[in-house]
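Not measured: the values here are computed from a predicted model. Residue numbers begin at 1 in each chain, while the letters A, B, ... track the order of the sequences.
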There are 2 protein chains.
Amino acid sequence: MSEAIADDLTPAQGDLYSGPTMSRTFAKPASIADVARVAGVSVPTVSRVLTGAAKVSAERRERVQRAIVELGYRPNSAARALVSGKQTIIAVMTSDTTIYGYSATIEGIEVAAREAGFFVVISVIEFSDAAEVDRAVSLALGQPLAGIIVLKFDPAGVQILKSLPRDIPLVAVSGELDDSLSQAVLDEEAAGAEMTRYLLGLGHATVHHVSIPPSRKEDGRTIGWRKALAEAGAETPPIISASWAADSGVRIGLGLAARPDITAVFCGNDEVAMGVIAGVVDSGRRVPDDVSVVGFDDHPLSRIWRPGITTAMQDFGSLGKRAFSLLALQIEGEESPARSSERPPLVIRASAAPPPRR
Amino acid sequence: MSEAIADDLTPAQGDLYSGPTMSRTFAKPASIADVARVAGVSVPTVSRVLTGAAKVSAERRERVQRAIVELGYRPNSAARALVSGKQTIIAVMTSDTTIYGYSATIEGIEVAAREAGFFVVISVIEFSDAAEVDRAVSLALGQPLAGIIVLKFDPAGVQILKSLPRDIPLVAVSGELDDSLSQAVLDEEAAGAEMTRYLLGLGHATVHHVSIPPSRKEDGRTIGWRKALAEAGAETPPIISASWAADSGVRIGLGLAARPDITAVFCGNDEVAMGVIAGVVDSGRRVPDDVSVVGFDDHPLSRIWRPGITTAMQDFGSLGKRAFSLLALQIEGEESPARSSERPPLVIRASAAPPPRR
DNA sequence: AGTTCGCATGATAACGTTTTCAAAAGTCAG
DNA sequence: CTGACTTTTGAAAACGTTATCATGCGAACT
């Protein structure tokens, strides 16, 4: 008997040497049929061993497992996906992966997805015109996707969301709740308001705001800032817009430093705050003695920066995990859009202080 | 005739309402057979319109395209992959996505892959024990992968590489060439040596080195540093090891500042350099007046840091693109391992200066 | 001992495409 | 008007897996 098996050890390799020009051909991978033949059992039995869906006698299971390692067999997941109809890939669509908040969120999604047996594909979709986004999106939709998570932190994310069909599980991640979608959010509005109140509480007459590119007219941080100022009866100065580029904060800081009436600046994120601080310091004023500058996100370098940056701690890892949970709910057939919100706590460091006495 | 078609407009939906408990069921997606039925043509004809593989009369093509938009048909890529045997997913395996160099490389890979019609899945595999890595790797291998790119910047990457079978297209990305694999590298050794020579040229007696977790015994930056010191006949001080954690640099900086004989420090990357600078400044010494501190990578925040950090510019985006090109070569059946190397240029900013006069 | 039950097993269908291959329908030249 | 092409079309097979169903076998019960 062992001889009969030995005869069959090699899988079908008819096309292994398909021509003299192919110098190195990856051998055609073993299929479940090859395993069955080598193990001397039927195809479904191998499948049962693989999936554990039904009982198989110890002796046969043993034979199958030996055949599997011998042939280096790996299941073809395309065939699996086709027959089971179940997809295991989750697409994350975003305009950028190098910004800290973005990559940290993606890593959170990835970890949660992997634990649940899903894989994450990243689609970086830059914002150009709507047609371009459409094209990129439909390309991604060509994949066998179980669901999609969109990082809606900026205008590109909004555009992506617009291009997406609604017949597939979908979750948006952002800083503010809006439409009827399933959303994982960090409550930026509350945190922005708290940060503003903190600065006012230090004695500043008002707080200036440097905003990052918002996903809609105004992001949650800005709204919270505006509300807190209104509550306190403080004047609302015009918003200063920064870009994602590192230098943009520096230029703004330079401009801010020229105005001695400005004593407190709330920046849309920590990177911008670092730039603003650099600009202010470059023009000879001190932070926080002359001007207080605070950020948002708690970037890993914020605690290292000198002065350490007072900020709101966004737990992007948890945000990503919550986004995945919401998506998993939909994949399982849950009907109604769900929301998950968390409120970022303040992290007090050294970059904010009472205003200078005049 | 139009009526006959109208009767058939809806795709098969037998299981659309599969039970009273399912309140919202995603309709079973239209298949190519549904499209064929609605358009009144055969299944292969629809396929031909889709792939453009053969000519179809204008009138039928028109009918098919109308049916496609009407049904919102999207091809099932699992079925496609199954029959064609071609895979379109590339896995990037890495231990981290939030470190700047890592995420920038991944973005470069992603952009190049998308242009070539591939998708990128990210596998974050933390380094614990070898068995754990094995498990994570074989899980990822369950996907229908066209190829794999491993970010071999650290010990985790090395372990991942060890767990990977060699019967699948594979490229490693790192800072130094070693074994027979296809590799995309940045020539860290040359850049490390150049940086060290630069510091010696400013008049420093020797240069201390703070290293980040290396992928093997010593990374390219360290080797270049060692060689340049030897060339110049300078003493080689013991290496100081930092971790990826932001604080670790600060602690090291504190220690370094206590030793007045140390005037030049070459850090393994910019984040660590920022930490070291913070630590040095915290203990009352000045950078670069008392101590010169330089980094590596050209992190986007390095130009904003005060003082601006002198560093070596690593083009991670191009690194990622080169890695993908190498992989594409293998996927097309190229036999021999290929290499691609690039040399990072120095970026002179303000954090290094001649040593203080004694 | 005969019948029924439970369980392991294998044959076969199904999933949604693309790829042959053969047939049908034109098209052109003689 | 016929024969030989070329082009367009459809039928059927194939891809590798899981799901369904029937079968055979031994054990347990009457």
Side-chain angles (χ1 to χ4, degrees), chain A residues 11-15 18 27-64 67-68 71-88 117 141-146, chain B residues 11-15 18 27-64 67-68 71-88 141-145:
Chain A
Q13 302 187 322
D15 54 355
S18 48
K28 183 172 184 173
S31 78
I32 200 170
D34 297 320
V35 174
R37 189 148 28 82
V38 172
V41 301
S42 73
V43 167
T45 298
V46 177
S47 174
R48 283 187 269 261
V49 171
L50 253 27
T51 61
K55 282 185 185 167
V56 175
S57 69
E59 182 250 345
R60 276 160 194 262
R61 186 194 346 270
E62 171 68 17
R63 284 221 306 271
V64 168
I68 286 175
L71 297 176
Y73 167 78
R74 264 180 276 125
N76 177 325
S77 53
R80 268 193 176 164
L82 177 59
V83 63
S84 72
K86 295 216 173 96
Q87 313 296 8
T88 59
L141 251 22
Q143 290 304 110
L145 300 180
Chain B
Q13 301 187 323
D15 54 355
S18 48
K28 182 170 185 177
S31 77
I32 199 169
D34 296 320
V35 174
R37 189 148 28 81
V38 171
V41 301
S42 73
V43 166
T45 297
V46 177
S47 173
R48 283 187 270 261
V49 171
L50 252 28
T51 61
K55 282 186 186 168
V56 174
S57 68
E59 182 250 345
R60 275 160 194 260
R61 189 198 340 274
E62 170 68 16
R63 285 220 305 270
V64 168
I68 287 175
L71 297 176
Y73 167 77
R74 264 181 276 122
N76 177 325
S77 52
R80 269 195 174 164
L82 177 58
V83 63
S84 73
K86 294 219 171 93
Q87 314 295 7
T88 59
L141 251 22
Q143 292 303 108
L145 300 180

Hey, could you give me the [atom1]/[atom2] distance between [X] and [Y], rounded to the nearest 0.5 Å?
| X | Y | atom1 | atom2 | result |
| --- | --- | --- | --- | --- |
| Glu62(B) | Glu59(B) | CD | CD | 9.0 Å |
| Leu71(B) | Arg37(B) | CG | CZ | 8.5 Å |
| Ser77(B) | Leu82(A) | OG | CG | 10.0 Å |

Minimum heavy-atom distance between Ala67(A) and Val38(A), given as atom pair plus value: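 In this case the closest contact between Ala67(A) and Val38(A) is CB-CG1, 3.8 Å.
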Ignoring hydrogens, what is the shortest heavy-atom contact between Thr88(A) and Gly117(A)? Give both atom names and the distance.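 For Thr88(A) versus Gly117(A), the nearest heavy atoms are CB-O, 4.1 Å.
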Determine whether Ile68(B) and Leu50(B) satisfy the following criterion, side chain to side chain contact (heavy atoms under 4.5 Å, CB included), listing intermediate values before the conclusion. CA-CA 10 Å; Ile68(B) 287 175; Leu50(B) 252 28; 3.5 Å; yes
Show every side-chain hydrogen bond (donor to acceptor under 3.5 Å, both in side chains) that has at least one partner inside residues 38-57 of chain A, sequence neighbours left out.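 Those involving residues 38-57 of chain A are Ser42(A)-Thr45(A).
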Under the side-chain hydrogen bond (donor to acceptor under 3.5 Å, both in side chains) definition, can you give me all pairs with a residue in residues 78-87 of chain A, not counting sequence neighbours?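 Residue pairs with at least one partner in residues 78-87 of chain A: there are none.
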Per-nucleotide protein contact string for nucleotides 13-18 of chain C, where B marks a base within reach and S marks sugar-phosphate only (heavy atoms under 4.0 Å, - for neither): -BBBBB
Shoot me the first and last contacting nucleotide of DNA chain D against chain A, ordered 5' to 3', at under 4.0 angstrom to non-hydrogen atoms.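 So the outermost contacting nucleotides come out as dG16(D) to dA19(D).
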To the nearest 10 degrees, how far apart in direction are the end axes of the helix from dA1(C)-dT30(D) to dG30(C)-dC1(D), each fit to five base pairs?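 Terminal axis comparison yields 40°.
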Taking OP1 and OP2 of dT9(C), is either one under 4.0 Å from a side-chain nitrogen or oxygen of Thr45(A)?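 Indeed not, no polar side-chain atom of Thr45(A) lies that close.
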Would you indicate whether the side-chain heavy atoms of Val56(A) and Val64(A) approach each other to under 4.5 Å?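 The answer is no, as the side chains (C-beta and beyond) never meet within the 4.5 Å cut-off.
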Set of side chain to side chain contact (heavy atoms under 4.5 Å, CB included) partners for Val43(B), sequence neighbours left out: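 Only Ile32(B), Ala33(B), Ala36(B) meet the side chain to side chain contact (heavy atoms under 4.5 Å, CB included) criterion with Val43(B).
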